[in-house]
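Reading through the structure tokens given below for one structure.
Chain naming here is simple, since letters A, B, ... match the order of the sequence lines and numbering starts at 1 in each.
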There are 2 protein chains.
Amino acid sequence: MKEGPDISRVATLIGDPARANILTALMTGVALTATELAVEAGVTPQTASGHLAKLVDGGLLQVRKQGRHKYFALAHGDVAVALESLMGLASDMRRTRTGPKDLALRRARVCYNHLAGQMGVKMFASLTQRGFLRDDVDAPVLTDTGRAFVTEFGVDLAALDAMRAPLCRSCLDWSERRTHLAGSLGRAMLARMEERRWVQRDNQSRALIFNAQGTTAFEGAFPVE
Amino acid sequence: MKEGPDISRVATLIGDPARANILTALMTGVALTATELAVEAGVTPQTASGHLAKLVDGGLLQVRKQGRHKYFALAHGDVAVALESLMGLASDMRRTRTGPKDLALRRARVCYNHLAGQMGVKMFASLTQRGFLRDDVDAPVLTDTGRAFVTEFGVDLAALDAMRAPLCRSCLDWSERRTHLAGSLGRAMLARMEERRWVQRDNQSRALIFNAQGTTAFEGAFPVE
DNA sequence: TTCATACTTCGACCGTAGCCGAAGCATCTA
DNA sequence: TAGATGCTTCGGCTACGGTCGAAGTATGAA
């Protein structure tokens, strides 16, 4: 016993319902203030304050102070990946009644600011099949034809390259159990779709709602097989 | 709030130190009896019994009854993957003193019966670089030349194909943060190395100890770059 | 300066869950 | 049949951690 990193400490951190709600809320990728997160978690500000301190101390959240507000966000993408993998286990469990809201989430949702769900997986598959993305040892790699494609799509690759964050990352979908595209490129692709008004975020949840034109355009842009 | 699967329940399950020890012990891939796990977790049999029931009920463990013994194992590979991703987060945290035992674990260890750690990552990289393994959308795929290679290595591919379990899977290493080879092929490769007496398991931990000849042979079989 | 807002600290309360001793089944051995 | 051995159930103890009200510290607005 007592070998390797201590799982139980992190798991305990995630295990409290209020903290789990906070983490889930931050899966969208946006930064939220302490009071906003208190509402999200369904507890009073004092209680939330304690939880947030623990999460930051545990390395799961990062915090930025701005005036009298404190903005919290996930510490890094790995946290989101780990949370998704836990969701994968949780969705296995019995008594998982799938409501209509759940269906929307399975179809398309935001995961740390990139596209996840059936449509996320479809996009990833399309890019790979057409040779735009190559799934390398560590992470997916954008090929030359792929760079041309996403530039055409309207993504400013030069700006993304300038950032230190990794361009491509893969993330395992809890609902689909397949890979979708994360990383700064994944975020940029979703941002572009929002700019083009293909898709709109649901204010209440992580669900993404594609309108009629958006759906058609998506199918055209990311054909599969 | 209350969207997607309920993370907190699974996380709470993993969050108790005794249960975390149990899960970690089962990461080797072997099935253990209730009393063995009680010792591993450092609690009395009664207490362990309760924990084990919860883990089975939560879908994290599977159980097989054999005479008056009960053998417990991880429910499926996804559980191991999720645990590894939690370890990845945990190893980030401060106050992670890395002892000598930890070093051995980082070098080579068993992860659900396949090879993990630096040497696991190295093997995966070597196989990919030489075109034996192609990292596809879902999971790695063994190429034709790859099939020839592993057959030459002494793995009975026909037997593996006959099993329903997936041949190749990738698993993210908590210590290396890179991919290594899991799935039935991953297990077969490690088994073959043990047959050849390249490597021996440590009884006390998940560490794998390569002897001198084993190390040399490994370097020869899986060159990198 | 004065008031409002955002967040934190303190203290007390309470519930839950882990823990073990004792006793109870179930299964194998002699 | 009697006696081990492996696992489970029960009951009661304990402690830890989540919760909120009240009060305290920052920052910004009037």
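Cation-pi geometry between Arg196(B) and Phe218(B) is not satisfied (NZ or CZ under 6.0 Å from the ring centre, within 45° of the ring normal).
Within the 4.5 Å cutoff, the side chain of Leu23(A) has no heavy atoms near those of the Ile7(B) side chain. Side-chain contact between Phe222(B) and Lys122(B) is absent, with no heavy-atom pair separated by less than 4.5 Å.
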(request) Could you run through nucleotides 22-30 of chain D and give me one letter per nucleotide, 5' to 3': B if any protein heavy atom sits under 4.0 Å from the base, S if only the sugar-phosphate is that close, - if neither? (result) B----BS--
So which protein N/O to nucleotides 15-19 of chain D N/O distances come out below 3.5 Å?
unit_1: dG18(D); atom_1: OP1; unit_2: Arg19(A); atom_2: NH1; d: 3.1
unit_1: dG18(D); atom_1: OP1; unit_2: Arg19(A); atom_2: NH2; d: 2.9
unit_1: dG18(D); atom_1: OP2; unit_2: Lys54(A); atom_2: NZ; d: 2.6
unit_1: dT19(D); atom_1: OP2; unit_2: His51(A); atom_2: NE2; d: 2.6

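Think of the region where chain A sits on DNA chain C: with heavy atoms and a 4.0 Å cut, that region ends 5' and 3' at dA4(C) to dT9(C).
Taking CE of Met27(B) as the start and CD1 of Ile22(B) as the end, the distance is 14.5 Å to the nearest 0.5 Å. From Lys54(A), atom NZ reaches atom CG of Leu60(A) across 13.0 Å, with rounding to the nearest 0.5 Å.
Side-chain atoms of Glu36(A) and Thr33(A) form a donor-acceptor pair, as typed in the model, at a separation below 3.5 Å. For the 3.5 Å distance criterion, the side chains of Arg187(B) and His114(B) fail to qualify, holding no donor opposite an acceptor.
Across all non-hydrogen atoms, the minimal contact from Leu181(B) to Phe124(B) is N-CD1, 3.6 Å.
Within 6.0 Å of atom CD in Gln200(B), 12 or fewer heavy atoms from other residues, nucleotides or ligands are found, so the atom counts as exposed in its surroundings.
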